[in-house]
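Numbered from 1 within each chain, the chains take letters A, B, ... in sequence-line order.
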There are 2 protein chains.
Amino acid sequence: MEQFFAILSRCSLFAGVGQEEMGLMLHCLGARERAIPKGEPVFLEGDPAGFIGVVLEGAVQVVRDDYYGTRSVLAVIQPGEIFGEAFSCAGVETMPVSAFALKGSKVLWLDCKRMLTVCSNACQFHNRMVANLLRAVARKNLALSRKIQFMSQKTTKEKIMAYLLDQAKVQGCAAFTIPHDRQALADFLGVERSAMSAEIGKLKKAGILDCKGPWFHLRDTGEEEL
Amino acid sequence: MEQFFAILSRCSLFAGVGQEEMGLMLHCLGARERAIPKGEPVFLEGDPAGFIGVVLEGAVQVVRDDYYGTRSVLAVIQPGEIFGEAFSCAGVETMPVSAFALKGSKVLWLDCKRMLTVCSNACQFHNRMVANLLRAVARKNLALSRKIQFMSQKTTKEKIMAYLLDQAKVQGCAAFTIPHDRQALADFLGVERSAMSAEIGKLKKAGILDCKGPWFHLRDTGEEEL
DNA sequence: CCTCCTTTGTTGGATTTCCAACATACATTC
DNA sequence: GAATGTATGTTGGAAATCCAACAAAGGAGG
């Protein structure tokens with residue numbers, strides 16, 4: 001397990017936890033390592049919840065099959081990131097989504113109950129870890145709220161602008177790069193890629209923004225902060 | 001403070017906490033009661049975060065003013081419900097939204113740091129409370145995810161059906177009542193009320209559902225569970 | 001019963017989006 | 001350099017949505 005210290009130290013759950021303590025805590029949490037071949041399920045809809053997963057290696061895709069059998073990708077979890085925590089912390093009995101390994105992957109399996117119960121060792125970092133978990137869930141919460149803000153805009157143009165203005169604010173600069181390609185951005189905002197592309201073109205012609213690939217620059221239109 | 005025991009005992013934060021313990025915990029958390037006249041701010045954008053609010057009486061509206069000054073209502077908090085917890089638990093410095101009292105209201109102000117730090121009294125319910133908080137934040141998380149699922153559907157009809165199928169699943173019955181009027185449902189799903197009304201009419205004519213006011217009944221179309 | 005008011009359903013034209021198809025740009029590989 | 005593949009931009013007609021305005025259905029209060 002020690003081989004993954006570098007990964008785990010970058011995991012939000014273990015922020016502020018040193019290597020020695022991490023080893024103790026993993027034991028105290030009943031951590032188990034699992035290897036999943038490419039394409040195989042990490043867990044399936046209907047499986048009991050109550051765990052928190054950490055991707056150590058590879059990548060895991062979380063999917064939901066709707067009523068009509070259409071599959072949609074909810075998230076792709078990279079090494080150091082966690083999954084399943086929202087369902088487990090919310091106290092749902094069984095997972096309402098499934099997850100599959102995109103590549104050959106290794107995941108760490110933590111027991112959510114043991115996380116929330118005072119361990120017999122009374123390890124000093126237990127509280128820190130719960131606070132880390134709470135922070136991670138709360139941050140996901142804010143990310144989801146922001147996404148809803150963007151999606152709630154009426155037109156494609158407004159959705160793009162809401163997203164870009166937020167990015168500029170978050171990154172603290174009118175010039176910034178975004179972490180999505182055009183297709184992923186369109187999916188994220190819930191719009192058509194081609195329509196979005198057309199709107200971005202209009203915004204460029206109108207002098208409201210400039211962009212090249214993932215790089216954007218919002219121009220000062222003189223209307224703000226009067 | 002004891003006068004609000006009935007309200008607080010229904011608050012998700014205090015689930016499983018008895019009246020005597022609640023009094024001790026409120027003291028231990030540095031709880032303060034505040035009265036806010038109708039229309040006055042509960043907190044304003046830019047105020048320091050780090051608190052968790054509980055509405056004891058009245059109602060509180062959380063709003064966000066976007067870049068262009070347009071105000072949108074993010075939530076209405078009723079007695080027994082909490083607010084501000086996502087921002088405080090996520091560790092943001094200042095509130096990115098504002099809140100106003102819809103009526104003359106009383107709110108309880110809890111210090112988030114004291115919630116997450118082991119109290120000197122080492123009260124036995126402290127851990128329970130942190131778990132309750134985590135559960136509340138995680139549940140909000142799931143609610144937001146579901147909303148995104150609905151809003152991600154392409155057409156108005158698909159959004160309505162996704163919502164209604166989810167409600168039927170949650171309520172465990174093909175016949176159920178929803179907690180929104182038509183306007184609120186349209187706002188929630190991010191569609192036009194009139195367009196939604198028209199689509200609901202079509203679905204009724206097609207025999208896919210029946211409804212009257214807030215009551216809906218999804219008919220078995222024979223296509224499911226083949 | 002009547003009026004006022006709110007909620008919900010209906011309609012038609014302007015606007016926007018969707019969709020498929022194609023054009024262009026750029027990187028990779030052979 | 002040619003061939004290939006991927007990402008992005010562009011276009012036009014079909015479809016859906018938006019919007020405003022009005023119609024219909026109920027509820028509250030006189």
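The side chain of B/R182 contributes an N or O atom lying less than 4.0 Å from OP1 or OP2 of C/dG9. Between B/T156 and the phosphate of D/dT17, there is a side-chain N or O to OP1/OP2 separation shorter than 4.0 Å.
Distance B/K212 NZ to D/dA24 C1': 13 Å, rounded to the nearest Å. Between the CZ atom of B/R193 and the P atom of C/dT7 there is a distance of 10 Å, given to the nearest Å. In this structure, CD1 of A/I160 is placed 14 Å from C1' of D/dT8, rounded to the nearest angstrom. Here D/dT8 presents its P atom at 16 Å from CH2 of A/W215, a figure rounded to the nearest Å. Atom CG of A/L189 and atom C1' of C/dC18 are 16 Å apart (whole Å). Following rounding to the nearest Å, A/K157 (NZ) and C/dT17 (P) show an atom-to-atom distance of 9 Å. Between the CD1 atom of B/I200 and the C1' atom of C/dT7 there is a distance of 13 Å, given to the nearest Å. The separation between A/M196 atom CE and C/dC19 atom C1' is 16 Å, rounded to whole Å.
A/S197 comes within 4.0 angstrom of a base, heavy atoms only. A/E158 comes within contact range of no nucleotide atom at all, as no heavy-atom separation falls under 4.0 Å. Base contact: A/S194 has a heavy atom under 4.0 Å from a base atom.
Judged by distance alone, the side chains of B/T155 and B/E158 do bring a donor and an acceptor atom under 3.5 Å apart.
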Query raised in the report: Are A/E57 and A/K103 close enough, and set up right, to give a salt bridge (Lys or Arg N to Asp or Glu O under 4.0 Å), and what steps lead you there?
Result: CA-CA 9 Å; A/E57 212 177 87; A/K103 325 172 185 173; over 6 Å; no
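For the pair B/R34 and B/W109, the distance from NZ or CZ to the six-membered ring centre is under 6.0 Å and the angle to the ring normal is within 45 degrees.
Closest contact between the side chain of B/E192 and the listed nucleotides C/dC19, D/dC19, C/dT17 involves D/dC19. Comparing atom distances between the B/T155 side chain and each of D/dT10, D/dT17, D/dC18 picks out D/dT17 as nearest.
A salt bridge is defined here as a Lys NZ or Arg NE, NH1 or NH2 lying under 4.0 Å from an Asp or Glu carboxylate O, and A/E199 with A/K159 fails to meet this definition. Ion pairing between A/R64 and A/E45 fails under the 4.0 Å rule for side-chain N and carboxylate O.
Each of A/K154 and A/H180 was matched to the nucleotide of DNA chain D holding its nearest heavy atom; the match closer to the 5' end belongs to A/H180.
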